[in-house]
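Since we're looking at a predicted model, the values are computed, not measured. Reminder, nothing fancy here: chain letters follow the sequence lines and each chain counts from 1. These values consider heavy atoms only, across backbone and side chains, with no hydrogens, waters or symmetry-generated copies.
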Amino acid sequence: MILRLFNTLSGQMDDLLPADGAVLRMYACGPTVYDYGHIGNFRTFLQVDLLRRTLHLFGVPVRHVMNITDVDDKIIRNAAAAGIPIADYTPRFEQAFLDDLQSLAVQRPEVLSRATAHIPQMVHLVQQLAARNAAYRTDDGNWYFRLSSFPDYGKLSKKDLEGMADGARVDVDEYERDSARDFALWKATPAGETGWDTPIGRGRPGWHLECSAMAMEYLGESFDLHAGGEDLMFPHHENEIAQSESATGKLFARHWFHVRFLLVNGRKMSKSEGNFFTLRDLLLRGYKASAIRLALLSVPYRHQLNFTFDGLLEATSAIDRLRTFAARLRAAQLPSGSMPATMAAVAAARQSFLEALANDLNTAEARAAIFEMVRQGNIALDADQLLTEDRDAMLHLLDDFDSVFAVIADHDAEPTRAAIEWARANGQLDSVAPELIAADSLTDAEIDARIEERNLARRQRNFRRADQIRDELAALGILLEDSRDGVRWKRR
RNA sequence: GGCGCGGUACCCAAGUGGUAAGGGAGAGGUCUGCAAAACCUUUAUGCGUCGGUUCGAUUCCGACCCGCGCCUCCA
């Protein structure tokens, strides 16, 4: 399978293949570590994860680089407000970010690179640009990129520099520049403030510089794909292209992948709207990591996703259906052999699944193909018409589905437990859903003892007592299910 | 003002020039001491409005209405 993916740069669907015929080299803009990540951030990281997992499924090896922006104005401001050096401030949010990725089953990129560890590369880039007369230093020590030296500016976001001048809000700041649109490469900082002493003067990097420097450090001057949220397209990615291509004379990234913003309850997420959620917020409200993952992946990346709690509930039920079916398949005692019709149905589902992903990562359609198979599998199981080879084919497709979606294998307990721990350590226990704490208060052994007590009552046909125990446990968020093979229970 | 996206059943959502995937929820059924869970069945003559092209449009074209995003730090 070859992945056909929309390319912002070309404005059309392009096949995504490694230029060198071996490894697909991709760079994804990572977080600025000044706060906990919110679900909007994670939609993008999840979609990039889905992209790399799809490439793996299609047999394309990937070298994925992600930056960690650990120096910028907000970090400096927040660290100063907290009264600690930025080197002590950022690691905690970097770790929180990595923990969150793990909670969401996001695969770690091959390379994670911190901005502050690549100052020399950035300085070198500025020097290259200066040598080509594409960068200049102002009297106050700042370095700017000379936009007029790069005629291609705007080719990614399809913006016309002339058109932008009128109407648009042009930022005016205190610095002197040749042109108001020239952007900062390097910001001079006085002694005492965060900065590095370098051949181009004391200062700190502008936002765009780090991505160019690190992408080229780990992927070369020209590479396959560059990813990020749609908001980064302009000006961030446009500026990366300008400074990189001016310095090397080569095409920077061939393919640009942009994930649309998500909305929360129909509005852009913002703290002032009161619709701003971190991953931790959701886990502490009792939503499972897998449900959050599926909810954020189910709407194709080029569409706006309206995030709601109903959507999370929907995802939770959908995952239950998948997990129940997978467990049912594994547990079934089946005669050996295969049914041609069933094998054909599974093959058709596989084909639909793969084609949907290959068609610009159409996750909604890919999901539908799997559910169609689930329905057919359940029918065959109910009719005692499923045979071993049918089952194996279905399990194989479920595995492939999960190698991309990663929601069937149940790893939900740990993220929730970790979130509760975090809340406890940060004095935020009051934001934890009561059932989570209640369920946490009983050990598995205690629950088993209560269930045994209920089983005894049931055998004595004392249903009143049995139902009482069931209700008590339910109040603690522990749900019982009687089945032929005994009582199953789960924490809500 | 410039650029762009979307309006499909109760909710989410895919899709095609030839008559509407999938998930959730609701309803009915099977199972059960009762529940729950699970499974099955079922739910849009209709795809924002109005025109046009066509044998035929939800799908193409035009106009309009509504919602949203970017153009500024932002995933």
Side-chain angles (χ1 to χ4, degrees), chain A residues 8 11 28-32 34-35 37-48 72-74 77 154 157-160 162-173 207 227-236 238 258-263 266-270 294-296 298-308 310-322 324-325 327-328 352 356 359 362-375 377-379 381-383 458-459 461-464 466-467 470-471 474 479-484 487-490:
Chain A
T8 311
C29 287
T32 301
Y34 68 99
D35 203 349
H38 60 251
I39 52 173
N41 297 316
F42 291 119
R43 179 189 197 196
T44 299
F45 296 122
L46 243 16
Q47 290 288 354
V48 171
D72 95 316
D73 291 355
K74 276 192 288 266
R77 186 194 64 207
S157 53
K158 322 294 184 218
K159 285 186 192 305
D160 176 7
E162 305 305 314
M164 278 195 294
D166 53 85
R169 286 160 290 183
V170 174
D171 66 323
V172 179
D173 62 27
W207 174 33
E230 64 165 336
D231 56 311
L232 298 184
M233 194 165 89
F234 182 89
H236 182 52
E238 204 71 73
H258 289 105
V259 179
R260 281 210 81 178
F261 262 137
L262 73 67
L263 266 34
R267 298 252 136 222
K268 183 170 171 178
M269 180 167 50
S270 75
L294 186 63
L296 294 177
S298 290
V299 175
Y301 77 96
R302 281 212 288 154
H303 290 268
Q304 217 160 47
L305 160 67
N306 185 20
F307 180 89
T308 61
D310 279 353
L312 246 23
L313 260 18
E314 186 271 343
T316 304
S317 299
I319 290 169
D320 278 348
R321 183 166 163 84
L322 293 172
T324 300
F325 176 64
R328 199 180 172 198
S352 301
N359 181 22
N362 190 334
T363 50
E365 215 175 321
R367 225 186 90 150
I370 297 305
F371 278 101
E372 180 61 27
M373 179 192 79
V374 169
R375 203 187 91 251
N378 274 320
I379 290 172
L381 242 16
D382 283 352
R458 290 180 71 211
R459 267 183 253 118
R461 302 196 70 78
N462 182 354
F463 295 120
R464 182 183 208 148
D467 290 352
R470 182 170 65 196
D471 291 346
L479 305 179
L480 303 191
E481 295 167 13
D482 298 332
S483 79
R484 259 183 299 183
V487 181
R488 278 192 300 268
W489 66 269
K490 62 181 181 185

| Any donor-acceptor pair under 3.5 Å linking the side chain of E481(A) with the backbone of R488(A)? |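 No, the answer is negative, given that no donor and acceptor are paired below the 3.5 Å cut-off.
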Do the side-chain N or O atoms of [X] get closer than 4.0 angstrom to the phosphate oxygens (OP1, OP2) of [N]?
{"X": "S317(A)", "N": "rA25(B)", "answer": "yes"}
{"X": "H303(A)", "N": "rG69(B)", "answer": "no"}
{"X": "W207(A)", "N": "rC74(B)", "answer": "yes"}

Measure from [atom1] on [X] to [atom2] on [N] and round the result to the nearest Å.
{"X": "L263(A)", "N": "rC12(B)", "atom1": "CG", "atom2": "P", "answer": "13 Å"}
{"X": "N306(A)", "N": "rC68(B)", "atom1": "CG", "atom2": "P", "answer": "11 Å"}
{"X": "Q304(A)", "N": "rC12(B)", "atom1": "CD", "atom2": "C1'", "answer": "14 Å"}
{"X": "R488(A)", "N": "rA38(B)", "atom1": "CZ", "atom2": "P", "answer": "9 Å"}
{"X": "E230(A)", "N": "rG6(B)", "atom1": "CD", "atom2": "C1'", "answer": "12 Å"}
{"X": "L322(A)", "N": "rG24(B)", "atom1": "CG", "atom2": "C1'", "answer": "13 Å"}
{"X": "Y301(A)", "N": "rA14(B)", "atom1": "OH", "atom2": "P", "answer": "13 Å"}
{"X": "M233(A)", "N": "rC5(B)", "atom1": "CE", "atom2": "P", "answer": "11 Å"}

Taking pairing as Watson-Crick or G-U wobble with both contacts under 3.5 Å, can you name the mate of [N], or confirm there isn't one?
{"N": "rC50(B)", "answer": "rG62(B)"}
{"N": "rG33(B)", "answer": "none"}
{"N": "rG28(B)", "answer": "rC40(B)"}
{"N": "rG22(B)", "answer": "rC12(B)"}
{"N": "rC70(B)", "answer": "rG2(B)"}
{"N": "rG17(B)", "answer": "none"}

Nearest nucleotide by nearest heavy atom, which residue falls closer to the 5' end of RNA chain B, H38(A) or V374(A)?
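Residue closer to the 5' terminus by nearest nucleotide: V374(A).
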- Which residue lies more 5' along RNA chain B, comparing F371(A) with K74(A) via nearest heavy atoms: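 Result of the comparison: F371(A).
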Picking from [options], which would you name as closest to the side chain of [X]?
{"X": "R321(A)", "options": "rC73(B), rG33(B), rC40(B)", "answer": "rC40(B)"}
{"X": "M269(A)", "options": "rG22(B), rA75(B), rU72(B)", "answer": "rA75(B)"}
{"X": "E314(A)", "options": "rA75(B), rG23(B), rC71(B)", "answer": "rG23(B)"}

Check your understanding: So what does D482(A) hit on the nucleic acid, given a heavy-atom distance under 4.0 Å: a base, only sugar-phosphate, or nothing?
Key ->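 Touches a base.
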With a non-hydrogen cut-off below 4.0 angstrom, is A364(A) in contact with a base, only sugar-phosphate, or nothing?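 Touches a base.
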Does F463(A) stack onto the base of rG33(B), taking stacking as ring centres under 5.5 Å apart and planes under 30° apart?
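F463(A) ring centre within cut-off of rG33(B) base, planes near parallel; stacks.
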